[in-house]
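Residue numbers begin at 1 in each chain, while the letters A, B, ... track the order of the sequences.
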There are 2 protein chains.
Amino acid sequence: MSKADIYEVAKAAGVSISTVSRSFTRPELVSAKTRRKVLEIADKLDFNISRSATALKSGQTYRVAMLMNEEITSWFNTQVFAGIESIMHPAGYDISLFQHIDTPENRHEFFGELPIRRNVDAVFVASFAIDPHEVEQLQRIHVPIIGINTPSTEGFDATVSIDDEKGMYTATQHLISLGHHHIVYPSSEAASISSSIDSRTRGFIRACEDAQEKHDLDWQVLTVPRGAAFADSALSALLSLDDFPDAICCQMDMMAIPLVIKLGRYGHLTPRDYSIIGFDDSPNADTINLTTMRQDPYGMGRTAANKALKLINNETLATPHEIVDAQLVLRGTDAPYQRPQPADLLQ
Amino acid sequence: MSKADIYEVAKAAGVSISTVSRSFTRPELVSAKTRRKVLEIADKLDFNISRSATALKSGQTYRVAMLMNEEITSWFNTQVFAGIESIMHPAGYDISLFQHIDTPENRHEFFGELPIRRNVDAVFVASFAIDPHEVEQLQRIHVPIIGINTPSTEGFDATVSIDDEKGMYTATQHLISLGHHHIVYPSSEAASISSSIDSRTRGFIRACEDAQEKHDLDWQVLTVPRGAAFADSALSALLSLDDFPDAICCQMDMMAIPLVIKLGRYGHLTPRDYSIIGFDDSPNADTINLTTMRQDPYGMGRTAANKALKLINNETLATPHEIVDAQLVLRGTDAPYQRPQPADLLQ
DNA sequence: TTGAAAGCGTTACCAG
DNA sequence: CTGGTAACGCTTTCAA
């Protein structure tokens, strides 16, 4: 009694397979009575339309690919994925995930084989720089390519990006306008391929350079190795500075949050002793009261997905390429500059 | 020149479509020279085997469903998903996600329509209680059903679960053995359907009851409303207690982390003034040095996926149902009980 | 409103 | 090792 096919359903309902098919996919073409009967029998026989067959017949795959740097478990990737999913799933699409597309081996394998060729209806590329050659390769699959936080729009049918550079420029400016002079930017080493992280660094540098003369700044980028312990590396680098800075500008909240907590253990309290600003507004940023630049990767995923749906549907996009700004979220880790006071007076 | 089909490739390569097909899926059956030529031409013509057609032909869908409570963005869900993905993707499967399967509307819709019927090769059910009727419904799709942290193994072909109750029993025992007497368990209200959260509460209660007489305990479960602000609710409930507890036992790290940080602002410092233990070992637990019970949802996802693959392959599982224990991770938020001292002596 | 039949792109059997 | 061909389960004209 298991796995009845469309013929059995048709027979049991006393109709043709055409009618069974229509009862599911174009119910309006079938009389209410027939349809009800068909659906009822189908349910009894555990029957349902096969997506594979539908896909084959229609030429669509009802599947989209999502390429990402690193793991889906990172905050940013999860949020973008969830945003895309929230649009694509109800529209009948599954997401085929390709993680770690930023490692040389995976890149080579992926772009060499192009396993998604003819097997997805659209491709999302989240947050990594694919080089011109790879964009070309991707285009050969002849489906819409949608970028999220890609460094360039070149070769993409649509993109959504936050302006990382401008966002970090704003963050830095905020610290400068609070009167801080000694500003450090702890930065984990750039990935092998340029990513949005680098744009942020540029934003910091540009803001400092622009304000340099007027504000007599002492600023620096403090580069630490990538890896799981990057925040601890930054911490120790910070502590080993001759003068502890009066402001710290962070690449991301995942850098800022551990710093706030652990610097506290070494007697450096924010906002009393220094200001610090993060980037992302990721979980726990509000818990520690972190002032930060907010971005909305979930929303970007939704935007990207909506564009993809239109593109799949052969519609033309009014604005294929969108840039959104990060928002300054003022909380409790920033304060106007105050001349440092002898430690024993602080009690 | 776009989207060549298998016939064009065959013609261009001077072979039959059978050979083209075999060159991709059973290369060992084709001579090296022929294969190389076919692959080369296929690449030139942007051709690749269609998964939809393969799926149709083979009767498999190369798709699995994953049902989850709430959103994929939660730490637990993301980890389980990533674990499943890490096994299923290389094996050629996509994951079709069904979120919020715990809300009445979604449940009704999902189990009524059973949209995955005949459309997935396996179903993963993560961390929610489906009632007996729903298990029955699910079984009607005639594919393996694998549970992750389901409250019962009934109706599942395989399950992996952590023993939430035992884990929390252990956590509670640890606090008791440190000499704490006044222990509070802040708990967000149970979801509409029973989940692993409830097991943890039971573990706490049982541990307290078991130790009650011998240790003269004063324990309580402090229930607060669910929702985004559950940690703040717990915080204020805690602060409004007549006597502040000397130990806090938390449902999960997401409760413990904000509490540690925010209680600090109100002058309650751990481990000086109270011990606190979390559950999960989620991100930032180590940053704040939280003593907690570790679970490994990523690993559970992998285990579940491996079971699924075997089941799909009609193999029998030696141990279909596995239970793993949470591990006590001792860090810095627990200490032996000390009689509270007058506040002014603490400076 | 319904039915018959062709065809979507594979795979697998059977020949050669 | 390679080719011909039927069949997988559906959708979609075209006719009735």
Side-chain angles (χ1 to χ4, degrees), chain A residues 2-39 41-42 45-63 92 115-121 141-143, chain B residues 2-39 41-42 45-63 92 115-121 141-143:
Chain A
S2 87
K3 302 224 181 195
D5 63 17
I6 199 170
Y7 291 95
E8 297 186 43
V9 177
K11 191 187 297 174
V15 298
S16 73
I17 62 163
S18 312
T19 300
V20 176
S21 172
R22 280 191 283 254
S23 297
F24 282 93
T25 47
R26 344 209 61 237
E28 70 280 9
L29 297 182
V30 178
S31 79
K33 210 175 76 188
T34 309
R35 186 192 339 138
R36 221 165 8 79
K37 175 151 198 177
V38 168
L39 261 24
I41 292 196
L45 264 36
D46 295 339
F47 175 82
N48 224 331
I49 289 294
S50 146
R51 281 174 33 124
S52 305
T54 303
L56 176 58
K57 185 68 189 166
S58 70
Q60 294 207 31
T61 66
Y62 296 104
R63 198 184 294 120
I116 57 182
R117 190 190 282 166
R118 300 183 102 225
N119 282 311
V120 295
D121 296 331
I141 68 179
H142 302 296
V143 299
Chain B
S2 87
K3 302 221 180 197
D5 62 17
I6 199 170
Y7 292 97
E8 296 186 44
V9 176
K11 192 188 299 174
V15 298
S16 73
I17 61 164
S18 308
T19 299
V20 176
S21 171
R22 279 191 284 254
S23 298
F24 282 93
T25 48
R26 342 205 69 237
E28 71 280 9
L29 297 183
V30 179
S31 78
K33 209 175 75 186
T34 309
R35 188 193 337 139
R36 223 168 2 81
K37 174 154 201 176
V38 169
L39 261 23
I41 293 198
L45 264 37
D46 294 340
F47 175 83
N48 223 332
I49 289 294
S50 147
R51 283 178 25 127
S52 305
T54 303
L56 174 59
K57 184 64 186 165
S58 70
Q60 293 207 33
T61 66
Y62 296 104
R63 200 186 291 121
I116 57 182
R117 189 189 283 165
R118 300 183 100 225
N119 283 309
V120 295
D121 297 332
I141 68 181
H142 302 296
V143 300

5'-most by nearest nucleotide on DNA chain D - B:Glu28 or B:Ser58: B:Glu28
Most 5' of B:Ala53 and B:Tyr7 on DNA chain D, judged by nearest nucleotide: B:Tyr7
Sugar-phosphate only, base, or nothing, as touched by A:Asn48 at under 4.0 Å among non-hydrogen atoms: sugar-phosphate
Carefully, step by step, assess A:Val143 and A:Asp121 under the rule side chain to side chain contact (heavy atoms under 4.5 Å, CB included). CA-CA 6 Å; A:Val143 299; A:Asp121 296 331; 5.6 Å; no
Check this one for me: any side-chain N or O of [X] less than 4.0 Å away from OP1 or OP2 of [N]?
X: A:Arg118; N: C:dT10; answer: yes
X: A:Thr19; N: C:dT2; answer: no
X: B:Thr34; N: D:dT2; answer: yes
X: A:Ser31; N: C:dT2; answer: yes
X: A:Arg26; N: C:dT1; answer: no
X: A:Ser16; N: C:dG3; answer: yes

Non-neighbouring partners of B:Arg117 that pass salt bridge (charged side-chain N to carboxylate O under 4.0 Å, His left out), sequence neighbours left out: A:Asp43
To the nearest angstrom, how far is [X] atom [atom1] from [N] atom [atom2]?
X: B:Arg22; N: D:dC1; atom1: CZ; atom2: C1'; result: 8 Å
X: A:Ile6; N: C:dT2; atom1: CD1; atom2: C1'; result: 14 Å
X: B:Leu29; N: C:dA15; atom1: CG; atom2: C1'; result: 16 Å

Would the distance check show the side chain of A:Asp5 and the main-chain N or O of A:Phe47 forming a donor-acceptor pair, the cut-off being under 3.5 Å? no
Can you figure out which of C:dT10, D:dC8, D:dC10 approaches the side chain of B:Leu56 most closely? D:dC8
Does a distance-only test, which skips hydrogens and angles, find a donor-acceptor pair under 3.5 Å between the side chain of A:Lys57 and the base of C:dG7? yes
Considering all heavy atoms, the nearest B:Thr61-A:Ser52 contact: CA-OG, 4.2 Å
